[in-house]
**Q** 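Before we start, here is the structure in question, set down as structure tokens.
Lettering follows sequence order; numbering is per chain, from 1.
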Amino acid sequence: MEPSSLSGLPAGVGEALEAEGVAELYPPQEAAVDAGVVDGESLVAAVPTASGKTLIAELAMLSSIERGGKALYIVPLRALASEKKAEFERWEEFGVTVGVSTGNYDSDGEWLASRDIIVATSEKVDSLIRNGAPWIDDLTCVVSDEVHLVDDSHRGPTLEVTLAKLRKVNPGLQTVALSATVGNADVIANWLDAELVESDWRPIELRTGVHFGNAINFDDGSQREVPVERGEDQTARLVADALDTEEDGQGGSSLVFVNSRRNAESSARKLGEVTAPRLTGDERDRLRELAEEIRGVSDTDTSEDLADAVEQGSAFHHAGLASEHRSLIEDAFRDRLIKCVSATPTLAAGVNTPARRVIVRDWRRYDGEFGGMKPLDVLEVHQMCGRAGRPGLDPYGEAVLLANDADTREELFDRYVWAEAEPVRSKLAAEPALRTHVLATVASGFAATREGLLSFLDNTLYATQTDDEGRLAAVTDTVLDYLEVNGFVDRDREGGSESLAATGIGHTVSRLYLDPMSAAEILDGLRTVADGADAGADAADGAFVPADGADADPGADGDEPGFTTYTRADDEERDAGAESNEATQSEPPAVTPLGLYHLVSRTPDTYELYLKSGDREEYTEVCYERETEFLGDVPSEYEDVRFEDWLAALKTARLLEDWANEVDEDRIAERYGVGPGDIRGKVDTAEWLLRAAETLARDVEGIDGDVVVQVREARKRLEYGVREELLDLAGVRNVGRKRARRLYEAGIESRADLREADKAVVLGALRGRERTAERILENAGREDPSLDGVDPDRSASAAATAGADADGDGDGQASLGDFG
DNA sequence: CCGTGTGGGATTTAGACAGCATGTC
DNA sequence: CTAAATCCCACACGG
């Protein structure tokens, strides 16, 4: 079937596809057309990665738009949103407009409403529905990329509920779901009332095999000799082999999957010895430039190590990298400049980064709950393998699993090569998931009664999959109790039915996209400040918290009945013993940034930092030293199982405090054992939660107005990464934490000072960077920012960084360090 | 005395979505 | 209940 023979697409699209080189649709694409994708039929396409799924989605969206409609493309990752947007923008010449909406990159609502295609993450779509984005009603086509992620216990329920809502709002909606090949695609199709197209077909041949001893044995029966000498590294040998095998005049790049960040880094270092000797002089030069760029992103050890590896033509990739690092690596790998990337699963499901050869070095990963090394899911390994073979560059792709002995080789064949991916199972019937979605469903008007709620939930994948009819209702009731007790939902039981309505705060929480448990924790903490001596009694009015840590169970996968007991906060207090609570009961604690950072860090919306050995001791000490700063009760060190989590949150809070005290990034990375990406991530999350806290504090009665100001300041200090006295300066564009501190040390303490100050001093403080200084003066609103003929005042830069590296101990003074 | 090598026990362990506007004369 | 690479430190060795 030729693209130009398709009817229903905007004029010229078929021809344009042919011009792109799509002379003939791929078999799965043709099957999708036969199933009616261009005629508005719903469809589930369960086909391998890189087999033309995106074109199926494009055919659906473009034909829908041609009929006067509007399409939404849902992605699982922010990075994919921009990738897809760029891809879809090639249709703009046919009059099709594209917009994106994600947490970081948001276009204004009205502008979005005018776009034909909107690309967004599932959470963002959920949020847009909660906030009543008007264009949701206009959608005629929704595409869900990587739907098999409904299986994810944390984010799957959001996708599931969001699709159910979209379909409810718009009954005629064409739903196109793109899935990896999974065991039960038919169940998904059944749920979405869609046709099913299932295929193993790939445009580029993929051979999957296992290497052991001197050869790779492939699934097609073929064998490739790759002898490994004694003492030689298996992975290195395979990477070298791919590089030395020229196809199209070029050696093949490799992607190595490993099971930890540290392994990724050490693997990249070792493989540099393989790639470096195979680089051309030109490549070496370009890699050196790239390495410099990487060093410029961040001055942490991680960044330095990455740059060192990259100079050798090898790189690592994991979530500890800053996002700029990640895209630099991804781009250079796609450009074949970097020959080999050692990665954690970040690259398996992320943006498109194919390689000739994929090496799955580690097929087991540590899992605390499992109690040891757990074999990866078949689906995950298949996704990794699917990265093998670059369309248009490689004639074939090779995926190789590594075995140390013959038994393992057989096991790997059985477990992964011959195996079908696991069936997808909904994780909706777990408390944390339902807590959020029940509130949102009620708040945004999808249900006004308990029965209505249950009947709405009947449209989810969970409902079509479960054999236990009562379970969803049981968890829903538990969650409703929780929401009612915390004042988010009003229930009215009359006769046989029960009406539900979100309270004012309930609406706010839903719109802020907070986990209701986070909101409860935050409100509880803020109220402690409001009424001082009455704090305990006040908390008892509204704040109930699960006592058994039910939420700390990420494995709640819908199999075990949820088990939660609710305890009044003041009972907790009594149980916990008096020693840690005396201070909070007798007088209102002064609100400090640390207190607020801890408050948001212990919320289920913040991912916990790992407590290393020695951390327990260290943070227990901090806990006592700074006892008065915590908002709410401190769990007892000896009697409360939550103490461990509390300490982990304290570690996060200290990281945030350091950031807000201008501690250098590399120092923080070292002190907390994290990468630059982790720091940015923590700061971002905390900023988001503090903003939400600010809104909550304003909306709720009984919270002191002064608290709102404190929350805002703590948040702004995180946003800019500066101490209080630099807030004004750091608000000027092009002035970050470093420049603000230098200006301040030079005597320029505010935006107003910038407008008045001696230009020579400004220039000196900015180390003689004329262009930068001019831009900054302009942004500060100076009338005549020109620095022509101004000589930098050298003495102004001498004081730079004094006090900038001080350890934060929360009293606003530089201290002598943390070794005392 | 000190740098270097060795061995065994201790330590550590993947990923990543959301909102939203502030200060001034 | 399950692993394995790496780190850390003590200790031995040789110059």
**Q** Nearest to the side chain of Glu380(A) - dA5(C), dA14(B), dG15(B)?
**A** dA14(B)
**Q** Classify the nucleic acid contact of Gly371(A) as base, sugar-phosphate or nothing, counting any heavy atom under 4.0 Å across all strands shown.
**A** base
**Q** Just N and O in the side chain of Arg261(A): are any of them under 4.0 Å from OP1 or OP2 of dG15(B)?
**A** yes
**Q** Below the 4.0 Å mark, does dG19(B) have OP1 or OP2 next to a side-chain nitrogen or oxygen of Arg511(A)?
**A** no
**Q** Counting the atoms with a prime plus P, OP1 and OP2 as sugar-phosphate, which does Arg364(A) contact under 4.0 Å by heavy atoms, base, sugar-phosphate, or nothing?
**A** sugar-phosphate
**Q** Report the base-pairing partner of dA18(B) (Watson-Crick or G-U wobble, both distances below 3.5 angstrom), or none.
**A** none
**Q** May I have the distance from Arg155(A) (atom CZ) to dA14(B) (atom C1'), rounded to whole angstrom?
**A** 14 Å
**Q** Now, which nucleotide makes the Watson-Crick or G-U wobble pair with dC13(C), with each of the two distances under 3.5 Å?
**A** dG3(B)
**Q** Counting side-chain heavy atoms from CB outward, which of dA14(B), dA21(B), dA18(B) is closest to Pro345(A)?
**A** dA14(B)
**Q** Taking CD from Glu265(A) and P from dT13(B), how many angstroms apart are they, rounded to a whole number?
**A** 12 Å
**Q** dC20(B), dC17(B), dG15(B): which one has an atom nearest the side-chain heavy atoms of Arg78(A)?
**A** dC17(B)
**Q** Taking the minimum atom-to-atom distance to the side chain of Asp605(A), which one of dT12(B), dA18(B), dG15(B) wins?
**A** dA18(B)
**Q** Once you apply the 3.5 Å cut-off to both distances, tell me the Watson-Crick or G-U wobble partner of dG23(B), or none.
**A** none
**Q** Closest to the Trp688(A) side chain: dA4(C), dA18(B), dG15(B)?
**A** dA18(B)
**Q** Which value, rounded to the nearest 0.5 Å, describes the distance between Leu656(A) atom CG and Tyr597(A) atom OH?
**A** 7.0 Å
**Q** Suppose you measure atom P in dC1(C) against the same atom in dA18(B); what distance do you get, rounded to whole Å?
**A** 39 Å
**Q** Looking at every strand, decide which applies to Thr158(A) at a 4.0 Å heavy-atom threshold: base, sugar-phosphate, or nothing.
**A** nothing
**Q** Before accepting this row, confirm whether a basic side-chain N of the pair Glu694(A)/Arg712(A) lies closer than 4.0 Å to the acidic partner's carboxylate O.
**A** yes
**Q** Side chain of Asn263(A): nearest nucleotide among dA16(B), dA18(B), dA5(C)?
**A** dA5(C)
**Q** Classify Leu689(A) by what it touches in the nucleic acid, base, sugar-phosphate, or nothing, heavy-atom distance under 4.0 Å.
**A** nothing
**Q** Under a 4.0 Å heavy-atom cut-off, which of residues 120-130 of chain A touch DNA chain B?
**A** Thr121(A), Glu123(A), Lys124(A), Ser127(A)
**Q** Does a side-chain N or O of Thr346(A) approach OP1 or OP2 of dA16(B) to a distance below 4.0 Å, or not?
**A** no
**Q** For dG8(B), what is the paired nucleotide under Watson-Crick or G-U wobble rules, both distances under 3.5 Å?
**A** dC8(C)
**Q** Identify which nucleotide among dC17(B), dA5(C), dA14(B) has an atom closest to any side-chain atom of His154(A), counting heavy atoms from C-beta outward.
**A** dC17(B)
**Q** Are His437(A) and Thr158(A) linked by a side-chain donor-acceptor pair shorter than 3.5 Å?
**A** yes
